[in-house]
Amino acid sequence: MKYTITGATGHLGRLVVQAMLQLVAPNEIRAAVHTPAKAAHLMAQGLEVVTADYLDVSLMKTALVGTDVLIYIPSKTYDLVQRVTELENTLAAMQQAQVKKIIFVSFFADQANNPFRMSAYYGYVPRRLAASEFDYAIVKNALYADPLVPYLPELIQRHNIIYPVGQQPLAFITQQDSAAAIAKLAVQPQLRDHGQTYLLSQAQNYTMPQLAEIMTTVTGKPIGYQPVTLAEFAAIYAAEGDGQELASMYHAGALGLLADVSTDFARITGQQPQGMREFLAANYRTV
């Protein structure tokens with residue numbers, strides 16, 4: 001078997017690679033990356049490294065030839081049309097390279113009434129794949145818990161979580177757990193080749209007061225919940241380049257659209273996902 005992982009040097013991709021190395025031989029893993037120079041450590045581990053560019057069909061075809069299962073991790077762009085173009089180019093390259101199977105790594109903000117800027121993309125993908133000739137599975141991640149760790153110093157300084165979601169809960173998953181489930185899924189054909197959709201989340205979701213209580217316990221610093229408005233949130237993080245996009249995501253949260261949890265992680269892996277308290281406690285001191 002040959003498993004090709006796109007975005008293999010990214011935050012999630014590198015974890016998927018490491019999870020796959022626990023399940024298959026290094027020579028069965030192909031790392032498709034935009035900048036091969038950043039993947040020297042993967043070559044040193046015995047992986048094949050190829051150049052990939054979602055906007056170049058010919059290059060993608062070359063990268064995918066001989067692939068049995070493609071694990072497709074989308075780019076991080078908030079350009080909706082570009083995201084769709086990248087997917088279409090990849091599907092065209094798959095067809096030309098005669099690749100039949102794909103695991104698409106998605107996000108659970110895909111409801112028809114979801115105001116998140118990228119919701120239309122996540123809603124488009126399952127319909128597009130259902131109408132294709134490919135064998136596929138879709139993995140929908142809940143919100144990543146990982147960004148909360150470097151965010152903690154700011155929250156300690158503010159004394160409050162400020163997410164504009166009101167009393168609606170949010171669901172999370174760690175990237176490590178997401179990667180473990182994706183890798184397990186990749187090597188279980190009965191779970192991945194029939195249009196299945198999985199939601200990866202922790203066992204429970206959290207209201208912001210509940211999350212603040214956990215953060216207070218873990219850090220030993222008082223953290224409460226004082227939400228700002230959506231407009232204020234967008235303005236606060238405008239300098240980081242994604243204030244409006246994040247505000248649109250938390251607008252979805254305020255509508256209760258980012259609260260779903262499932263037992264799919266346990267179904268795929270046979271284990272329980274790491275809880276929020278345990279995750280923050282294990283990682284806070286490394287900030």
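Keep in mind that the numbers below use all heavy atoms, side chains included, and drop hydrogens, waters and symmetry copies. We count residues from 1, following the sequence as given.
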Can you find a heavy atom in the side chain of T35 that is under 4.5 Å from one in the side chain of T9? no
Gap separating the CE atom of M60 from the CE atom of M94, nearest 0.5 angstrom: 9.5 Å
Measure the acute angle between the ring planes of Y78 and F116, then classify it against the limits of 30° and 60° as parallel, tilted or perpendicular. perpendicular
Do Y237 and L155 share a hydrophobic cluster, counting only Ile, Leu, Val, Met, Phe, Trp and Tyr and linking them when any side-chain heavy atoms are less than 4.5 Å apart? yes
Answer yes or no: does atom CD of E88 have more than 12 heavy-atom neighbours from other residues, nucleotides or ligands under 6.0 Å? yes
Grouping I, L, V, M, F, W and Y whenever their side-chain heavy atoms are under 4.5 Å apart, do Y144 and I71 come out in a common cluster? yes
From I102 atom CD1 to L91 atom CG, the distance as rounded to the nearest 0.5 Å: 5.5 Å
Residue pair L12, I182: steps toward the side chain to side chain contact (heavy atoms under 4.5 Å, CB included) verdict: CA-CA 10 Å; L12 179 63; I182 291 167; 4.2 Å; yes
Any Lys/Arg nitrogen of D135 or K101 sitting under 4.0 Å from an Asp/Glu carboxylate oxygen of the other? yes
More than 12 heavy atoms of other groups within 6.0 Å of R267 CZ: no
Do we get R83 above Y121's six-membered ring, with its NZ or CZ under 6.0 Å from the centre and within 45° of the axis? yes
Does a side-chain heavy-atom distance below 4.5 Å link N27 with E48? no
Taken to the nearest 0.5 Å, the spacing of L211 CG from L170 CG works out to 8.0 Å
Apart from L255 itself, which Ile, Leu, Val, Met, Phe, Trp or Tyr residues share its cluster (side-chain heavy atoms under 4.5 Å, direct or through members)? L257
Between V228 and P164, which heavy-atom pair has the shortest distance, and what is it? O-CB, 3.1 Å
Which heavy atom of S201 sits nearest to which heavy atom of A142, and what is that distance? CB-CB, 4.1 Å
Residue pair L21 / V17, side-chain heavy-atom distance below 4.5 Å: yes
Do Q22 and Q18 have side-chain atoms, one donor and one acceptor, less than 3.5 Å apart? no
Tell me, do D146 and H11 make a side-chain contact under 4.5 Å, heavy atoms counted? no
Kindly compute the distance separating CZ (F108) from CG (D260), expressed to the nearest 0.5 Å. 7.0 Å
Correct closest heavy-atom pair for P126 and Y122 would be CD-O, 3.0 Å
Mind checking whether V99 and V57 sit in one hydrophobic cluster, side chains of I, L, V, M, F, W, Y counted as touching below 4.5 Å? no
Sub-4.5 Å side-chain heavy-atom contact between Q45 and P26: no
What verdict does the side chain to side chain contact (heavy atoms under 4.5 Å, CB included) test give for L87 and F104, after you've listed the backbone C-alpha separation in whole Å, the side-chain angles of each residue and the deciding distance to 0.1 Å? CA-CA 10 Å; L87 173 66; F104 181 86; 4.2 Å; yes
Could you check whether Y72 and Y54 have their ring centres less than 6.0 Å apart? yes
So do the side chains of F279 and D177 get within less than 4.5 Å of each other, counting heavy atoms only? no
Take atom CD of Q157 as the centre, draw a 6.0 Å sphere, and report whether it contains more than 12 heavy atoms from other residues, nucleotides or ligands. no
Might you work through the side chain to side chain contact (heavy atoms under 4.5 Å, CB included) test for V261 and Q204, ending with a clear yes or no? CA-CA 6 Å; V261 296; Q204 70 175 91; 5.6 Å; no
Output for pair (E278 CD, I214 CD1), nearest 0.5 Å, gives 8.0 Å
If you apply the rule side chain to side chain contact (heavy atoms under 4.5 Å, CB included), what do you find for T90 with L70, and how did you get there? CA-CA 10 Å; T90 301; L70 172 63; 3.8 Å; yes
State, without any angle test, whether Q274 and T174 hold a side-chain donor-acceptor pair at a distance under 3.5 Å. no
Would L246 end up clustered with F107 when hydrophobic side chains under 4.5 Å apart are linked, directly or stepwise? yes
From I268 CD1 over to R192 CZ, what is the distance, rounded to the nearest 0.5 angstrom? 12.5 Å
Residue pair M276 / Q202, side-chain heavy-atom distance below 4.5 Å: yes
Linking I/L/V/M/F/W/Y whenever any side-chain heavy atoms sit under 4.5 Å apart, do F265 and Y198 land together? yes
If you count every heavy atom of other residues, nucleotides or ligands that lies below 6.0 Å from Q168 atom CD, does the total exceed 12? yes
Would a 4.5 Å heavy-atom cut-off, applied to side chains only, mark I162 and I236 as touching? yes
